[in-house]
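Here's the structure, in structure tokens; my notes come after.
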Amino acid sequence: MAQRTSLNRITPYMFVAPAALVMILALFYPISYMIWGSFRDWDPSQSLSETEFVGLANYAKLLVDPAFHASFWVTMIFAFTVVTVEMILGVGLALLLDRNIRGMSVLRTLFILPMMIAPVVVGLVWRYMYHQTYGTFNRFLESIGLEGVNWLGQNPLLSVIMADIWQWTPFIFILSLAALQSLPKSALEAARIDGATGWQQIIYIKLPLMMPVLIVTMLLRLIDAFKVLEVILVLTGGGPGLSTEILALRIARTAREFRELGEAAAMSNYLLMLLMVLTLGMFAFTRWQEARARRLKFAAQEEG
Amino acid sequence: MLKLLTSTTFIAGVALTSAAYADGHAEGPYAAYEGTTLIVNFPSHPHYNAVLEVLPQFTEETGINVEVDMLPYLDMRERQTLELSLDEGAYDMIAYVVFSKADYVYADQIYNLAPFFMNPRLADPNYDAGDLIDGYVQNIGVAGGEKGYLPGPTGSLYGLPFGSETSVMYYRTDVFEELGLEPAADYDTLLEQACAIPEAMPGMGGVASRAASGHQASHAFLLHLAPLGGRVFDAAWNPIINSAEGVAAAEALKTIVDCGPEGSSAFGPSEAANAFAQGQAAMFIDSIAFAAGFEDESRSTVAGNVGWAAHPAGTRAASQTGGFGIAIPRNAENPEAAFLLAQWLTSKEGDLAVAMAGGNPSRFSTYENAELNAKYPWSASFGEALADADPDWRPIIPPWGRINADIGTTMSQVLTEGLDIQEALDGIAERTQTLMAEEGYYTWQQ
């Protein structure tokens, strides 16, 4: 009997075991390897066991490294700018196109095309469009009598931001549209009966109801924007100077060009910590919002 | 059963041997390696595309098969680093970019070639190593001598130059004729022409140059540093990049980029070459590897109007040396057969065959070959330019990747953000000094 009870107790763990094993092998092992590597002076020609333990030296070095600081700020400016603009454009487009128009499905597919293109191709296409003499933008500017702009030379960060916005606004658009279309019709109908204008419906009904989806979408985009690499690598290679060298690119260069795997691992851990803080912050915010909604509902019920 | 097995093996052996005799290469140096398959790692590069055309000839002559793993040249090092650190690597031979030499030798990952050249069964007595271009051998093949990466009494050979390059100046004969100019032999004239031509011919840039942030900007700066008399380090590893010569080199690069074709500051080598090929620049100073492309009418609008001259001299004539060498990894499965391939490819016959297929010669005799000159008329001038090839134009030491990136990003700031040249070079020197101290280069000075 006792044996049976203990078997019963083990059963759930046995069911979980395969998944847990996969998690340990595929997720925790590489992360632990990276964390362990970040405490070592590690040249790619050496195996990890041959390397020298240097404690927190890699982390300390990065804290006073001006190139790392530059990279950090470029990443922050890039990530927050693209996500803000993409959210405004994506949600705006979704609100505009949330109606029964003929050929809507074709239009929707067209809108999400940029997202489906491989990032390297996006980089190459935009690099060509920004070209000083042959580029589409400068040819257009010249055709209307304006002077050409040295896109990648004088406005590199803006150029990179524009390419990213073009590629990733559709992601926000498609998720926002899905959220909009699954909103409870009753709330909107009630608002209409009460005489709410279009704007009022958007601000007081649609946006608050979409908020949970929007927050997750924003978080996903933000995490992605912190890690973007290929488009910038192809477009500017991080230059001129360090003006577009975002953290992911700096990590890649530290590992490949400078051959400092320990430092690259430490930098990756800083990035990981930053993203963890952002993610936890977002979750805390959603929790707080949910709790507030519950409180309000409870208060309303009390009054009722 | 054992008897049957033995006789079967014997019969199979006889069959193989007679087949080999029938092919005509059962005896001689290659016999022992017949049927071996070598796996080699080559970059995707015009020279190695030419090698692919010649490899069947090697297999036919020797019975050794070659399988080629081709990669973009900037990705090669990553793959090689991985393969070379394994107990059993995938490659019998690798082509390496010149600046990988330091890393591979330092990590003891490639063979010293002395034991192969000492082995009478392997070394071809007619190899004529004296005919190999000396600057290339020193720069690409030798390590352990002066400063660690140069030749000297303690240096020895780890690789053979194959697909090596130097810099020359390409110029538009029609433009120079129209303006009554002669191609510059010195830097003063070069810089004067670089800005005078765009003034005389609006829309035409002076010199097309690489300048994109990172490796390209650093390469472009170093290209002018050596001829203008500068070096990155002095004999005691102190950075002297911020000397007057360093400033002159950075000023030269800035002048060239400012007076160059539009958008120059973001150019990589292929974009700079393309600008010249499309008639947007009157001059182009870069690798000899671009020559054939400029004469290809399907890709170039200036074919027939391109002249070649030596890299202009400043206080000295010093063109760059770079490109590729071939080496045998320590974990190769067939090192001896790989050596035979390396020796064959860089022999007089092999080198000529590759050059005729469009590759870069590694031998003086190939450059002088009449047949080659008839096919590629620039060969003789390039051969002459090689006499000034400078093996020390760029230090090849393990921390170079980091210093190179620093020079490249800072130089890019000079070119695009107007950073003061002296201040920029002082910054590089200071950071390099700290790095060199960390790496132990001043241990013996304490």
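Values reported hereafter were calculated over all heavy atoms of this structure, with side chains retained and with hydrogens, waters and symmetry mates removed. Bear in mind the structure is a predicted one, so any value in this text is a computation, not a measurement.
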Verify the neighbour count for atom [atom1] of [X]: are there more than 12 heavy atoms of other residues, nucleotides or ligands below 6.0 Å?
X	atom1	result
B:Arg330	CZ	yes
B:Tyr106	OH	no
B:Gln422	CD	yes
A:Met276	CE	no
B:Glu439	CD	yes
A:Tyr29	OH	no
A:Met76	CE	yes

Step by step, would you call A:Arg256 with B:Thr81 a side chain to side chain contact (heavy atoms under 4.5 Å, CB included)? CA-CA 10 Å; A:Arg256 295 186 57 183; B:Thr81 300; over 6 Å; no
So for [X], is it side chain, backbone, both, or neither that comes closer than 4.5 Å to the heavy atoms of chain A?
X	result
B:Gln109	side chain
B:Gln216	neither
B:Glu438	side chain
B:Asp75	both
B:Glu78	side chain

Measuring heavy-atom distances to chain B, does A:Arg259 have an atom under 4.5 Å in its side chain, in its backbone, in both, or in neither? side chain
Which bit of A:Glu263 is near chain B, if near means a heavy-atom gap under 4.5 Å: side chain, backbone, both or neither? side chain
Any donor-acceptor N/O pair, B:Ser412 side chain to A:Gly241 backbone, under 3.5 Å: yes
So which atom in [X] and which in [Y] form the shortest heavy-atom distance, rounded to 0.1 Å?
X	Y	result
B:Ala405	A:Phe258	CB-CE2, 3.0 Å
A:Gly153	B:Ser265	CA-OG, 4.1 Å
B:Thr409	A:Arg253	CG2-NH1, 3.8 Å

Atom pair [atom1]/[atom2] of [X] and [Y] - distance to nearest 0.5 Å:
X	Y	atom1	atom2	value
A:Asn150	B:Ser264	CG	OG	9.5 Å
A:Leu152	B:Thr416	CG	OG1	11.5 Å
B:Glu417	A:Gln154	CD	CD	8.5 Å
A:Tyr134	B:Asn274	OH	CG	5.5 Å

Any carboxylate oxygen within less than 4.0 angstrom of a Lys/Arg side-chain nitrogen, looking at A:Asp65 and B:Arg431? no
NZ/NE/NH1/NH2 to OD/OE distance under 4.0 Å, A:Glu257 and B:Arg402: no
Comparing B:Pro261, B:Ala212, B:Gly263 against chain A, the one with the most heavy-atom pairs below 4.5 Å turns out to be B:Gly263
B:Glu271 versus A:Arg127: any side-chain heavy-atom pair under 4.5 Å? yes
